[in-house]
Amino acid sequence: MRIRMITALTGAAGFLLAGTALTGTAHAYPVKDEALTKSKLYSTGKLAETECAEPSVKAGSVPSARKYWTKIHSCLNDSWKTHLTKAGLPFSEPVLKFGRIPKGFCGYEIGKENSQAYYCAESKTVHVQLGKDWVEEADDLFLLHAAAELYGFHVMNLVGIDKAFEAAPYSGKNEMNEQIRRNSLQGDCLSGVFLRSVWSSLDRSSRDWRELQGILKSSGDAKGAERVYGKGSNRLHWTKRGYATGDPASCNTWTASPAKVA
């Protein structure tokens with residue numbers, strides 16, 4: 001079972017894996033499966049603009065953060081259902097669960113982080129564990145981005161990208177981790193696509209967008225950890241790319257250069 005998760009460590013940003021992004025030489029591991037490189041998702045066009053009124057979030061309140069995530073999840077359901085069914089692609093809503101993630105959930109080795117969220121492709125379930133670090137500054141855009149990124153994994157599952165990702169051959173840990181990064185960064189990009197589609201309805205300023213960019217840039221693979229998320233600069237690149245176009249076609253990480261998925 002490969003990784004489809006979002007976790008958080010401590011830090012002011014409280015988003016994903018905070019820490020110093022690793023650097024190093026990017027090696028070429030070309031992906032040949034057309035289910036990944038030429039997915040039908042990339043020809044569906046822009047995600048239509050829709051309204052998504054954000055509920056207010058009380059700082060430090062887990063119930064309030066759950067209410068917020070549930071509302072965003074509903075917006076994601078409506079938006080992606082319309083988009084995929086219009087394109088003749090399958091759609092079904094994922095199950096949304098809150099609370100402590102049980103050990104062995106979906107075959108994963110569950111981390112000990114205070115806040116984390118996983119997507120299980122087999123059961124089509126998003127399981128969210130909201131802890132102190134995600135709710136202290138929950139009015140940031142990070143909760144919306146996190147919800148949209150997890151939903152992006154669900155979209156990839158619906159259109160067959162996930163199945164092809166699981167079956168993709170690799171010749172060692174480095175190649176496997178690059179494939180995981182391509183998958184993870186595609187989730188970032190699809191989050192940006194959704195964010196663009198609802199931005200005009202959000203009561204947000206350019207400052208909120210800049211703060212999210214700063215959070216993303218300072219996130220990524222922590223020093224000494226497995227390189228499965230990508231550098232913070234690449235997480236930012238793919239999120240901005242999805243936001244700039246509003247089109248899943250721009251999220252084809254499977255044909256991107258090794259440097260862009262490092």
Side-chain angles (χ1 to χ4, degrees), residues 1-6 31-52 69-97 106 117-128 144-169 179-201 238-256 260-261:
M1 185 69 66
R2 304 203 203 184
I3 296 176
R4 297 168 200 77
M5 61 175 289
I6 296 176
V31 177
K32 299 179 180 180
D33 190 341
E34 292 190 355
L36 296 170
T37 62
K38 296 182 179 181
S39 170
K40 292 181 180 179
L41 178 65
Y42 309 142
S43 60
T44 56
K46 291 185 177 181
L47 207 62
E49 289 192 18
T50 55
E51 293 189 0
C52 184
W69 192 299
T70 300
K71 171 59 179 178
I72 299 303
H73 187 83
S74 177
C75 293
L76 285 157
N77 278 332
D78 292 342
S79 183
W80 282 109
K81 178 181 181 180
T82 299
H83 187 77
L84 294 178
T85 54
K86 183 179 179 180
L89 293 173
F91 178 82
S92 61
E93 295 183 3
V95 176
L96 177 62
K97 291 185 176 181
C106 200
Y118 286 74
Y119 174 69
C120 181
E122 294 177 2
S123 62
K124 295 184 174 64
T125 300
V126 173
H127 199 132
V128 184
L144 193 158
H145 177 84
E149 182 181 4
L150 261 293
Y151 206 99
F153 294 143
H154 179 62
V155 172
M156 287 186 267
N157 185 22
L158 292 173
V159 301
I161 290 176
D162 185 84
K163 183 178 179 180
F165 163 61
E166 284 285 351
Q179 291 174 3
I180 294 173
R181 292 196 301 274
R182 288 182 187 276
N183 187 72
S184 181
L185 290 166
Q186 187 162 57
D188 279 320
C189 186
L190 291 175
S191 175
V193 166
F194 174 75
L195 187 58
R196 175 60 179 268
S197 74
V198 297
W199 184 261
S200 62
S201 70
W238 286 103
T239 302
K240 288 176 64 177
R241 185 178 173 91
Y243 180 84
T245 66
D247 191 334
S250 65
C251 298
N252 189 352
T253 56
W254 305 100
T255 58
K260 288 300 182 184
V261 293

- Interatomic spacing from CZ in R182 to CG in L36 - rounded to 0.5 Å: 10.0 Å
- Task: Determine yes or no for a side-chain-to-main-chain donor-acceptor pair under 3.5 angstrom, with S184 supplying the side chain and R181 the backbone.
- Result: no
- Out of curiosity, W199 CH2 to L195 CG, how far, rounded to the nearest 0.5 Å? 6.0 Å
- Could you give me the CA-CA distance, side-chain angles and deciding distance for C106 and T125, then say whether side-chain contact (heavy atoms from CB on, under 4.5 Å) is met? CA-CA 9 Å; C106 200; T125 300; over 6 Å; no
- Item | Polar side-chain atom of R196 near backbone of A244 as donor-acceptor pair, under 3.5 Å | yes
- By salt bridge (Lys or Arg N to Asp or Glu O under 4.0 Å) - contacts of K38 (at least two apart): E34
- Query: Between atom CD of E93 and atom NZ of K124, what is the distance when rounded to the nearest 0.5 Å?
  - Reply: 12.5 Å
- Message: Nearest 0.5 Å, please: how far is NE2 in H127 from SG in C120?
- Response: 11.0 Å
- Can you find a heavy atom in the side chain of D33 that is under 4.5 Å from one in the side chain of F165? no
- Item | Side-chain (T85) to main-chain (K81) donor-acceptor, under 3.5 angstrom | yes
- Item | Criterion side chain to side chain donor-acceptor pair (under 3.5 Å) on W254 and Q186, from CA distance to verdict | CA-CA 9 Å; W254 305 100; Q186 187 162 57; 3.1 Å; yes
- Query: What residues form a side chain to side chain donor-acceptor pair (under 3.5 Å) with S250, not counting sequence neighbours?
  - Reply: T245
- Query: Going through the checks in order, is the side-chain contact (heavy atoms from CB on, under 4.5 Å) test met by L47 and F194?
  - Reply: CA-CA 7 Å; L47 207 62; F194 174 75; 4.2 Å; yes
- Message: Checking S191 now: which residues fulfil side chain to side chain donor-acceptor pair (under 3.5 Å) with it, not counting sequence neighbours?
- Response: H145
- Item | Side-chain heavy atoms of D162 within contact of F153, under 4.5 Å | no
- Would you check if E49 and S200 make a side-chain contact, meaning some heavy-atom pair closer than 4.5 Å? yes
- Query: Any donor-acceptor pair under 3.5 Å linking the side chain of W238 with the backbone of K260?
  - Reply: yes
- 4.5 Å side-chain heavy-atom contact, L150 and Y118: no
- Can you find a pair of side-chain heavy atoms, one from L190 and one from P248, that are under 4.5 Å apart? yes
- Kindly write out the residues that satisfy side chain to side chain donor-acceptor pair (under 3.5 Å) with W80, not counting sequence neighbours, or none if the list is empty. none
- Heavy-atom closest contact (G242 atom, C251 atom, distance): CA-SG, 4.5 Å
- Query: Can you check whether V198 reaches I72 side chain to side chain, under 4.5 Å on heavy atoms?
  - Reply: no
- Message: So, taking the atom named NZ in K97 and the one named OG in S123, what distance separates them when rounded to the nearest 0.5 Å?
- Response: 7.0 Å
- Query: With A87, which residues qualify under side-chain contact (heavy atoms from CB on, under 4.5 Å), at least two apart?
  - Reply: T44, L89
- Task: State, with a plain yes or no, whether a side-chain heavy atom of T50 is found less than 4.5 Å away from one of D78.
- Result: no
- Item | Side-chain heavy-atom pair Y243, V193 within 4.5 angstrom cut-off | no
- Please assess L41 against L84 for the test side-chain contact (heavy atoms from CB on, under 4.5 Å), listing each intermediate value before the final yes or no. CA-CA 8 Å; L41 178 65; L84 294 178; 4.1 Å; yes
- Message: N157: which residues meet the side chain to side chain donor-acceptor pair (under 3.5 Å) condition with it, sequence neighbours left out?
- Response: Y119
- Query: Which value, rounded to the nearest 0.5 Å, describes the distance between C52 atom SG and L144 atom CG?
  - Reply: 6.5 Å
- Query: For D247 and Y42, does a side-chain donor sit closer than 3.5 Å to a side-chain acceptor?
  - Reply: no
- Message: For A35 versus I161, what's the shortest heavy-atom pair and its separation?
- Response: O-CG1, 3.9 Å
- Item | Test side-chain contact (heavy atoms from CB on, under 4.5 Å) applied to N183 and M156, step by step | CA-CA 9 Å; N183 187 72; M156 287 186 267; 3.7 Å; yes
- Closest heavy-atom pair and its distance - A117, W69: CB-CH2, 4.4 Å
